[in-house]
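Take a look at the structure below.
Basis for what follows: all heavy atoms, side chains included, without hydrogens, waters or symmetry-related copies.
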Amino acid sequence: MALLTRIRGPRDLDRLGPEQLEQLAGEIRSFLVEEVSKTGGHLGPNLGVVELTIALHRVFDSPKDKILFDTGHQSYVHKLLTGRQDFSRLKSKGGLSGYPSRAESDHDIIENSHASTVLGWADGLAKANEVLRKDDHVVAVTGDGALTGGMAWEALNNIAAAKDRPLVIVVNDNERSYAPTIGGLANHLATLRTTDGYERFLARGKEILDRTPVVGRPLYGTLHGAKKGLKDFIAPQGMFEDLGLKYVGPIDGHDIEALESALQRAKRFGGPVIVHCITEKGRGYQPALQDEADRFHAVGKIHPDTGLPIASSGVDWTSVFGEEMVKLGHEREDLVAITAAMLQPVGLEKFAKAFPDRVYDVGIAEQHGAVSAAGLATGGVHPVFAVYATFLNRAFDQVLMDVALHRCGVTFVLDRAGITGTDGASHNGMWDMSILQCVPGLRIAAPRDADQVRAQLREAVAVEDAPTVVRFSKGAVGPAVAAVGRVGGMDVLRRTEEGTADVLLVSVGALAPMCLDIADLLDKQGITTTVVDPRWVKPVDEALAPLAEQHRVVVTVEDNSRVGGVGSAVAQALRDAGVDVPLRDFGIPPRFLDHASRKEVMAEIGLTAPDIARQVTGLVARLDGRLVDSPTEAARD
């Protein structure tokens, strides 16, 4: 790593010659494989953008020039070139974020890790430069995948409207089936299309031909049509130029010299320019190149030589859902699946292999996916839209006004619900049970274990006149949590022999084992507890209010924001029923949570058995007018 260790900032790249730049690219790839294999992270995308990132930082002067990354999972090389080379705690508490982070560096302009938004950011920054008469350059790095999102095209529509507002859009195209056009002709045409001289030539030519009697205008139209046809043949991304955007490319995204040449031309042009770069995801690492699924898009801890995982984490929630979907698919011919460019991560790969004609990948377009699901349901089939919980936020209006208003039988399966941890603030699925509470008719299931995922998925797809939601956590699913009884539609997980208890503990989803631990700690203080799992947390079960009336205190515990979550819904249900029992709701505070392990995040926010038991003990003690030992101390005795 002789060169990499000497790079403390982008301007250190200026003194390197072509051979040294190639050496640096090799060192960066070796570093990424060695370090990311120890921590896990987004490996494949970063291996693909090494040369592109080097070229960007040689041509543009960050942070004065604003380099923006869409999604940001390809920003590791950017971190290395801006002085952040300690990857020992990548995505861990106190270490580097897996995405751009303003707290880490002035070179990180935006922290977005949801796709298709960077062009909107770039449009706003370019407009601000115009208003303030600043000469900063704005560079938006997006991908062919991100361009499947509608927001990207909304932004392009606005960007193209200002022909003289400088903005460079780098399309990082790593689609393996796309063969780049290379050679002098493509480079020459790209140069012509982004020079003022070429534009003056076209304008002058039109002026002369317009003055030519009879044949002038038809001849200009013929020549212009031939030129456009030739350009579309050479550069199939002619649609960008149809929008009014200058287009440079395709460029070999692993040729630093070609990249710098293209970026310099784009930098000099006084308007919006598309620079189309063809890159290879996972480049330079054979295990990634041999991974047909996603070229090691994201990996856990792996052996760097083989790419094989170091340890298995056991059966996870996602695979339980995926296997049950295949079983349901065999039972119901009307069952179809929708994914937003995440077939494998959300567990639909096996369903797609079994029923290839019944899976729809809508791209990174959750809004469209929700509306399309409404259409599918109206057409007579039952769609299951599997999506990360944090990404459903993007389609709220469509869930409300298209699915729920029309009483469509659509099932939304929310993966990575609750605290996910290492991916940071944008990926915690901590808002779904809050934002969906106000949707009329919608029902939410929160399974506590694998058996309940299977059972509640079946219950959800049986509903044909309203939207249903099934949400579950990230990672390994724990052992089954048995019910000892049933009250209404709720499972009773623990009850006292006397049948009545001090505390009614309402456990939501995967937190059931922790809630049973809370009950054990309370028991050591002489506080009796009934633990119930509502299973369906929206609507609140009608049997809950009468049950709450038999207890002195009601406690809710959820892996969701406390604001507007299950606790709030339970409190409202008790008020509506006239049940005046003290209630404490425990959940995630309304703030963005830094990246760390799930366990560390939960400890930081006090969502642990000892923390909750201590507060409940204090509440009961105040009701009794007495003081008690800490349940943590009691647990040690």
Side-chain angles (χ1 to χ4, degrees), residues 1 4-5 28-47 69 71-108 110-114 285 288 294 296-304 307-314 316-318 345 388-390 415-430 473-478 510 514 559 588-589 591-608 611:
M1 304 296 173
L4 179 58
T5 56
I28 290 173
R29 286 198 170 89
S30 297
F31 177 94
L32 290 173
V33 171
E34 181 179 347
E35 294 299 320
V36 178
S37 66
K38 298 174 185 175
T39 61
H42 290 99
L43 183 56
N46 286 284
L47 292 173
F69 293 93
T71 307
H73 58 229
Q74 77 282 45
S75 63
Y76 294 2
V77 185
H78 165 76
K79 289 175 185 277
L80 290 173
L81 299 180
T82 53
R84 288 166 281 175
Q85 297 183 10
D86 181 4
F87 273 48
S88 61
R89 295 188 56 77
L90 177 68
K91 299 179 64 178
S92 296
K93 187 174 183 178
L96 291 178
S97 167
Y99 297 97
S101 169
R102 289 179 173 182
E104 287 180 7
S105 173
D106 291 340
H107 295 278
D108 292 0
I110 57 175
E111 301 185 5
N112 64 320
S113 43
H114 288 186
Y285 185 43
D294 62 7
F296 278 24
H297 178 82
V299 298
K301 296 180 181 180
I302 60 174
H303 292 284
L308 297 175
I310 290 177
S312 173
S313 58
D316 59 27
W317 295 88
T318 306
Y388 282 9
T390 184
D415 201 323
R416 272 71 164 175
I419 294 170
T420 56
T422 56
D423 277 328
S426 63
H427 275 55
N428 289 311
M430 55 183 276
S473 298
K474 175 184 179 181
V477 58
M514 185 178 77
D559 196 3
I588 304 172
R591 71 171 192 257
F592 294 111
L593 305 174
D594 290 335
H595 62 278
S597 70
R598 174 179 164 87
K599 184 177 180 180
E600 288 171 330
V601 173
M602 293 183 74
E604 181 183 334
I605 64 177
L607 200 58
T608 67
D611 287 324

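Rounded to the nearest 0.5 angstrom, I302 CD1 and I310 CD1 are separated by 8.0 Å. A distance of 9.0 Å separates CG of L32 from OH of Y76, quoted to the nearest 0.5 Å. Distance check: D559 CG to M602 CE gives 5.5 Å after rounding to the nearest 0.5 Å.
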Derivation and outcome, salt bridge (charged side-chain N to carboxylate O under 4.0 Å, His left out), residues D415 and K474:
CA-CA 7 Å; D415 201 323; K474 175 184 179 181; over 6 Å; no
Pair S426, E111 - check side-chain contact (heavy atoms from CB on, under 4.5 Å), show working.
CA-CA 9 Å; S426 63; E111 301 185 5; over 6 Å; no
Worked check of side-chain contact (heavy atoms from CB on, under 4.5 Å) between I28 and N46
CA-CA 10 Å; I28 290 173; N46 286 284; over 6 Å; no
side-chain contact (heavy atoms from CB on, under 4.5 Å) between K91 and D423, intermediate numbers included:
CA-CA 7 Å; K91 299 179 64 178; D423 277 328; 3.0 Å; yes
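In terms of modelled atom types and a separation under 3.5 Å, the side chain of H107 and the main chain of H78 share no donor-acceptor contact. The backbone N or O of E600 sits less than 3.5 Å from a side-chain atom of S597, completing a donor-acceptor pair.
The two residues I419 and I588 have their closest heavy-atom pair at CG1-CD1, 3.6 Å. Closest approach of P309 and H303 over heavy atoms only: O-CD2, 4.0 Å. Counting all heavy atoms, side chain and backbone alike, A596 lies closest to V601 at CB-CG2, 3.9 Å. What you find for T5 and Q85 is that their closest heavy atoms are CA-OE1, 3.8 Å. For the residue pair F296 and P45, the shortest heavy atom distance occurs at O-CD, 4.0 Å. Residue F87 comes nearest to T39 through the heavy atom pair O-CG2, 3.6 Å, listed as atom of the first residue, atom of the second, then distance.
Checking R598, R591, K599 one by one against E604, the salt bridge (Lys or Arg N to Asp or Glu O under 4.0 Å) holds for a single residue, R591.
Contacts classified as salt bridge (Lys or Arg N to Asp or Glu O under 4.0 Å) and involving residues 72-90 (residues at least two apart or in different chains) are given here: K79-E104, R84-E104, R84-D108. Within the structure, side chain to side chain donor-acceptor pair (under 3.5 Å) pairs that include any residue of residues 92-102 comprise Y99-H427 (at least two apart or interchain).
A 4.5 Å side-chain heavy-atom check between T71 and H42 finds every atom pair outside the cut-off.
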